[in-house]
Novice: 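Mind having a look at this structure? Questions to follow.
Atoms within each ligand, like the ligands themselves, are counted from 1 in listed order. Basis for what follows: all heavy atoms, side chains included, without hydrogens, waters or symmetry-related copies.
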Amino acid sequence: ERADALPYDLAGVRVVISAGGTREPLDPVRFLGNRSSGKQGFALARAAAQRGAQVTVVAGSTAEPGDPAGVEVVRIATATELADEMTKRAAEADVVIMAAAVADFRPTSVAESKIKKGAAGPAPIELATNPDILRGLVESRTEGRIPAETVIVGFAAETGDEHGGVLDHGRAKLGRKGCDLLVVNAVGEGKAFGTEDNTGWLLSSTGSETALPLGSKTLMASRILDQVRTLVPDGRR
Ligand code: CTP
Ligand code: CA
């Protein structure tokens with residue numbers, strides 16, 4: 001065995017990863033969206049596949065030039081569609097990773113034809129709250145709709161504010177979501193969105209906190225998978 005060989009430690013493990021941003025339509029040509037590139041989710045997909053996992057990516061809008069080799073890619077647009085796909089696919093997965101940037105809100109109604117400028121000026125856009133997919137997956141596990149040993153991983157992009165720093169917000173979010181691992185990225189000032197590099201922390205529901213030093217999204221993916229692997233039951237890997 002070569003000392004520099006890639007680990008092949010996720011053989012046969014079924015991994016479902018959401019990636020990219022959702023788009024919430026306003027009319028046939030317009031949507032509310034976000035700047036997610038999908039790079040971190042796709043980096044995870046590539047790394048997991050290289051380690052032998054059977055990987056499905058449920059992807060919203062991304063800046064990825066192509067689909068990674070050896071990975072099933074399913075396309076969705078809205079948070080509602082993403083919720084449906086993830087709920088369905090989580091029942092057949094060993095690991096579920098929510099790396100997608102899910103729109104928190106969607107327009108309450110979608111105009112059937114293109115909204116015109118008119119003379120009266122813009123009408124306000126009324127919004128409804130989207131389902132919390134990650135929270136819903138954890139609830140499904142608690143209630144037995146998905147297997148108890150399914151590993152559930154969330155992401156959080158945080159900035160510090162008057163209520164606390166990036167890590168404080170991350171800890172609070174881990175508690176609220178109830179997932180097994182939360183990847184906390186520091187954002188703002190050119191960090192994270194659309195960039196090649198990421199920095200942050202990996203917080204576990206057991207209380208362990210691992211710093212993820214600045215490095216490529218590929219490196220971060222492999223660090224995340226190292227921890228995920230320890231949570232997958234022996235019979236599954
Ligand atoms: N997420 C989700 N469904 C949503 C919103 C977010 O599944 N409707 C997931 C994201 O994919 C991510 C995690 O939850 O894995 C945290 O997303 P984030 O936007 O940071 O959390 P929110 O609960 O929406 O909190 P905030 O008010 O900070 O946006
Ligand atoms: Ca949010």
Novice: With respect to atom 7 (O) of ligand 1, which of Leu182, Val102, Leu134, Val184 exhibits the smallest heavy-atom separation?
Specialist: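 Closest candidate by heavy-atom distance is Leu134.
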
Novice: Looking only at protein heavy atoms, identify the closest one to atom 20 (O) of ligand 1 and say how far it is in Å.
Specialist: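 So the nearest neighbour among protein heavy atoms is Lys173 NZ, 2.6 Å.
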
Novice: Strictly below 4.0 Å, N to O, side chains only: are Arg30 and Asp27 in salt-bridge contact?
Specialist: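 Answer for the salt bridge query: yes.
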
Novice: Can you sort out which atoms of ligand 1 are near Gly154, meaning under 4.0 Å from one of its heavy atoms?
Specialist: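 Close to Gly154: 15 (O).
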
Novice: Side-chain contact test, heavy atoms from C-beta onward, threshold under 4.5 Å: evaluate it for Val74 versus Arg89 and give yes or no.
Specialist: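 SC-SC contact between Val74 and Arg89 confirmed.
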
Novice: If you measure every N/O of Lys177 against every N/O of ligand 1, is any gap under 3.5 Å?
Specialist: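 Between Lys177 and ligand 1 (N or O atoms, distance only) the closest approach is under 3.5 Å.
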
Novice: Please determine whether a side-chain nitrogen of the Lys or Arg among Asp226 and Arg229 lies less than 4.0 Å from a carboxylate oxygen of the Asp or Glu.
Specialist: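 Salt bridge absent between Asp226 and Arg229.
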
Novice: Are side-chain heavy atoms of Val232 and Val151 found at a separation under 4.5 Å?
Specialist: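 Answer yes - side chains close enough.
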
Novice: Thinking salt bridges, do Lys173 and Glu158 make one under a 4.0 Å N-O criterion?
Specialist: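 Counted as a salt bridge, because a side-chain N and a carboxylate O are separated by less than 4.0 Å.
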
Novice: Just to check, does Ala100 reach to within less than 4.0 Å of ligand 1 when the distance is taken from its heavy atoms?
Specialist: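 Contact check Ala100 vs ligand 1: positive.
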
Novice: Counting both backbone and side chain atoms, is some N or O of Arg176 under 3.5 Å from an N or O of ligand 1?
Specialist: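 Checking ligand 1 against Arg176, no N or O pair falls under 3.5 Å apart.
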
Novice: Considering only the protein, which heavy-atom contact is closest to atom 16 (C) of ligand 1, and what is its distance?
Specialist: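 For this ligand atom, the closest protein heavy atom is Phe155 O, 2.8 Å.
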
Novice: Within a strict 4.5 Å, meaning less than it, do heavy atoms of the Arg171 and Leu203 side chains meet?
Specialist: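 The answer is yes; the side chains approach within 4.5 Å.
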
Novice: Out of all atoms in ligand 1, which are within 4.0 Å of some heavy atom of Met98? Include the element for each.
Specialist: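 So the answer, numbered in order with elements, is 7 (O), 11 (O), 12 (C), 15 (O).
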
Novice: Just need the protein heavy atom nearest to atom 3 (N) of ligand 1, so name the residue and atom and give the distance.
Specialist: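 I find the closest protein heavy atom is Ile133 N, 3.0 Å.
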
Novice: So, 4.0 Å and heavy atoms of Pro131: is ligand 1 close enough to count as a contact?
Specialist: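 In this structure, Pro131 qualifies as a contact of ligand 1 - some heavy atom is under 4.0 Å.
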
Novice: Among Asp132, Leu134, Leu82, which residue meets the side-chain contact (heavy atoms from CB on, under 4.5 Å) test with Val102?
Specialist: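 Exactly one option meets the side-chain contact (heavy atoms from CB on, under 4.5 Å) with Val102, and it is Leu82.
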
Novice: With heavy atoms of Asp104 as the reference, note each atom of ligand 1 found under 4.0 Å away.
Specialist: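 Selected atoms, number and element: 5 (C), 24 (O), 29 (O).
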
Novice: Strictly below 4.0 Å, N to O, side chains only: are Glu64 and Arg46 in salt-bridge contact?
Specialist: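 Salt bridge present between Glu64 and Arg46.
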
Novice: Taking both backbone and side-chain atoms of Ala103, is any N or O found less than 3.5 Å from an N or O belonging to ligand 1?
Specialist: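 No, Ala103 has no N/O under 3.5 Å of an N/O on ligand 1.
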
